[in-house]
J.: 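The structure that follows is given in the form of structure tokens.
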Amino acid sequence: MAIIAIGFSIARPETYGTWDNFRSILNTQIPVLFLAIAATLPFIVGEFDLSLAATGAFVNVFFVGLVLKQGWPVWAAVITCLAAALAMGLFNGFAIVRLGISSFIVTLASGTILAGILLAYSGGEIIYGDAPAALTFLGRTSLGGLPLPVIFAAIVSVFLAIVLWGTTVGRRMYASGSNRRAAQLTGIPTNRYLIVTFVIAAVLAAVAGLVLGSRLGSATPDTSNTLLIPAFAGAFLGATGFSAGRFNIPGTVVAVFIVGAAVNGLQQIGAAIWVQPVFNGVVLFVAVALAQWTQRLRAASAKRERLREIEALAKHDAETHSKAPAA
């Protein structure tokens, strides 16, 4: 992050290395951050959720559409969209747990269904209009110089990090993802944790859609195409830091802003339009490779530590036996 910020600040000191630009990076990356956090949670319990970007885009389109096209109150549109996301999370979780279908297939199918529904609703066109102040309040209001979405994302990130690292719930989630069968044998209700995880992930994806709609005051049906890869790249790249080899919230947060800061810098130095998707794809590939590598290192380190413990125990037993008096 420091290298990227310093490098592009030297290249474009008049535009990149300014508080306004860093504030803009923070604000524009918040929807991606919510999606990346949402993707991180299923990874922790050993599953995939490929429907998250579609869920965010679905909520974005319907949130803006219900307010601008149907004239709904903003609060009613928010509740309806969150309820729809919650239902999608329940559907994904129950299909995986009760029907035994792969999470990859379930979420790919549900995401495709959502994409079709939002296309039918929007007609494939941008939804825009005279957005009321209530619609744009969350996305365009600042507190203490920081946009409200940034503050909200910070609160959510800190809360989830504490839950995952400092509570029984978090330890059970990691145990479920590490070895589900062993976790079940110890009495952990892994199926319940899996369903709840998919529900929370879907709600976080919905929040990403709400924030995006509130910031722009409009919605486009192809939003998911631009959000999926950066979100997954942030989740995998985050697994290489803070807790190497493990998916974790602090790592995801930093990774998302690393990617966002790099993309912003590339745009400012005049990179061609095709550079951003290529860059995102490369980052995702490298992030997955690094995550797999750090997981192997972590496993090898744990194995060496266990072998040292066994050797120390065997040595202690041998010494105790040699000092014992003869019968």
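Model, not experiment: these values are computed from the prediction.
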J.: Give the minimum heavy-atom separation between T190 and S176, together with the two atoms involved.
T.: CG2-OG, 3.4 Å

J.: Any side-chain heavy atom of T197 within less than 4.5 Å of one from I200?
T.: no

J.: Compare every heavy atom of F34 with every heavy atom of A153, then report the nearest pair and how far apart it is.
T.: CA-CZ, 3.8 Å

J.: Test side-chain hydrogen bond (donor to acceptor under 3.5 Å, both in side chains) on S110 and N92 and set out the steps.
T.: CA-CA 8 Å; S110 61; N92 288 337; 3.0 Å; yes

J.: What are the two closest heavy atoms between R140 and L216, and how far apart are they?
T.: NH2-O, 3.0 Å

J.: Rounded at 0.5 Å granularity, tell me how far CG in L212 sits from CZ in F63.
T.: 10.5 Å

J.: Crowded around I3 CD1? As in, over 12 foreign heavy atoms under 6.0 Å?
T.: no

J.: Specify the closest pair of heavy atoms between N27 and G139, including all atoms of both residues, with the distance to one decimal.
T.: ND2-O, 4.2 Å

J.: Within the supplied structure, the quantity of interest is the number of heavy atoms (other residues, nucleotides, ligands) at a distance under 6.0 Å from R308 CZ; does it exceed 12?
T.: yes

J.: Closer than 3.5 angstrom, by distance alone: can the side chain of S142 be matched with the main-chain N or O of G145 as a donor-acceptor pair?
T.: no

J.: Do M1 and W19 land in one hydrophobic cluster if side-chain heavy atoms of ILVMFWY residues count as linked below 4.5 Å?
T.: yes

J.: Tell me, do P132 and L135 make a side-chain contact under 4.5 Å, heavy atoms counted?
T.: yes

J.: I need the L26 CG to I30 CD1 distance, nearest 0.5 Å.
T.: 6.5 Å

J.: Decide side chain to side chain contact (heavy atoms under 4.5 Å, CB included) for V156 and L204; before the verdict, give the C-alpha distance in whole Å, the side-chain angles of both, and the deciding distance to 0.1 Å.
T.: CA-CA 10 Å; V156 171; L204 288 173; 4.1 Å; yes

J.: Between R12 and T15, is there a side-chain donor-acceptor contact under 3.5 Å, judged purely by atom types and distance?
T.: no

J.: Mind checking the CG-CE spacing from D49 to M88? Nearest 0.5 Å is all I need.
T.: 9.5 Å

J.: With rounding to the nearest 0.5 Å, note down the distance linking CG in L143 to CD1 in I151.
T.: 4.0 Å

J.: Any idea how Y16 and F22 line up, ring-wise: parallel (<30°), tilted (30 to 60°), or perpendicular (>60°)?
T.: perpendicular

J.: Do V196 and F159 sit in the same hydrophobic cluster, where Ile, Leu, Val, Met, Phe, Trp and Tyr count as joined when their side-chain heavy atoms come under 4.5 Å apart?
T.: yes

J.: Check this for me: I273, atom CD1, are more than 12 non-hydrogen atoms of other residues, nucleotides or ligands nearer than 6.0 Å?
T.: no

J.: Check for me whether R172 meets the cation-pi criterion with Y193, that is, NZ or CZ under 6.0 Å from the six-membered ring centre and within 45 degrees of the ring axis.
T.: no

J.: Apply side chain to side chain contact (heavy atoms under 4.5 Å, CB included) to residues T28 and R215 and explain how you reach the verdict.
T.: CA-CA 9 Å; T28 56; R215 179 165 60 85; 4.0 Å; yes

J.: Please check if the side chain of S178 supplies one atom and the backbone of Y174 the other of a donor-acceptor pair under 3.5 Å.
T.: no

J.: Do L164 and L41 have side-chain heavy atoms sitting under 4.5 Å apart?
T.: yes

J.: Got a donor-acceptor contact below 3.5 angstrom from the N248 side chain to the G238 backbone?
T.: yes

J.: Can you find a pair of side-chain heavy atoms, one from W72 and one from T80, that are under 4.5 Å apart?
T.: yes

J.: Counting C-beta onward and ignoring hydrogens, is there a side-chain heavy-atom pair between S218 and I127 closer than 4.5 Å?
T.: no

J.: Under 4.5 Å between side-chain heavy atoms, counting indirect links through other Ile/Leu/Val/Met/Phe/Trp/Tyr residues: same cluster for I258 and I6 or not?
T.: no

J.: Decide whether R23 and T18 meet the rule of one side-chain donor and one side-chain acceptor closer than 3.5 Å.
T.: no

J.: Side-chain contact test, heavy atoms from C-beta onward, threshold under 4.5 Å: evaluate it for P147 versus T141 and give yes or no.
T.: no

J.: I'd like to check Y121 versus P221 (side-chain heavy atoms, cut-off strictly below 4.5 Å). Are they in contact?
T.: no

J.: Tell me whether W165 shares a hydrophobic cluster with I162, the cluster being built from Ile, Leu, Val, Met, Phe, Trp, Tyr side chains joined at under 4.5 Å.
T.: no

J.: Can a side-chain donor-acceptor contact be found between T40 and T252 if the only test is distance below 3.5 angstrom?
T.: yes

J.: Report the relative orientation of the aromatic rings in F236 and F48; use parallel for angles under 30°, tilted for 30 to 60°, perpendicular for over 60°.
T.: tilted

J.: Taking all atoms of both residues into account, what is the closest heavy-atom pair of P149 and L138, and its distance?
T.: CD-O, 3.1 Å

J.: Hey, mind stepping through F232 and F43 against ring-ring contact (aromatic ring centres under 6.0 Å, His included) and telling me if it holds?
T.: CA-CA 10 Å; F232 272 70; F43 286 152; 5.6 Å; yes

J.: Check the pair Q276 / L266 against side chain to side chain contact (heavy atoms under 4.5 Å, CB included), numbers first and verdict last.
T.: CA-CA 8 Å; Q276 181 173 343; L266 291 171; over 6 Å; no

J.: Consider side chain to side chain contact (heavy atoms under 4.5 Å, CB included). Of L35, T107, L228, which one does L52 pass it with?
T.: L35

J.: Between N21 and Q268, does any side-chain donor sit less than 3.5 Å from a side-chain acceptor?
T.: yes

J.: About how many Å separate OG1 of T55 and CG of N60, when rounded to the nearest 0.5 Å?
T.: 12.0 Å

J.: Of the non-hydrogen atoms in Y128 and I126, which two are nearest, and what is the gap between them?
T.: CD2-O, 3.6 Å

J.: Between CD1 of I96 and OG of S102, what distance do you get to the nearest 0.5 Å?
T.: 7.5 Å

J.: For F62, does the six-membered ring have the charged nitrogen or CZ of K69 within the cation-pi criterion, i.e. under 6.0 angstrom from the centroid and within 45° of the normal?
T.: no

J.: I'd like to know if the side chain of R180 reaches the main chain of A175, judged simply by a donor and an acceptor atom lying under 3.5 Å from each other, with no hydrogens or angles considered.
T.: no

J.: Would you kindly confirm whether L146 and V253 end up in one hydrophobic cluster when ILVMFWY residues are joined by side chain heavy atoms under 4.5 Å apart?
T.: yes

J.: Kindly indicate, with the supporting measurements, whether the criterion side chain to side chain contact (heavy atoms under 4.5 Å, CB included) is fulfilled by V259 and V256.
T.: CA-CA 5 Å; V259 176; V256 165; over 6 Å; no

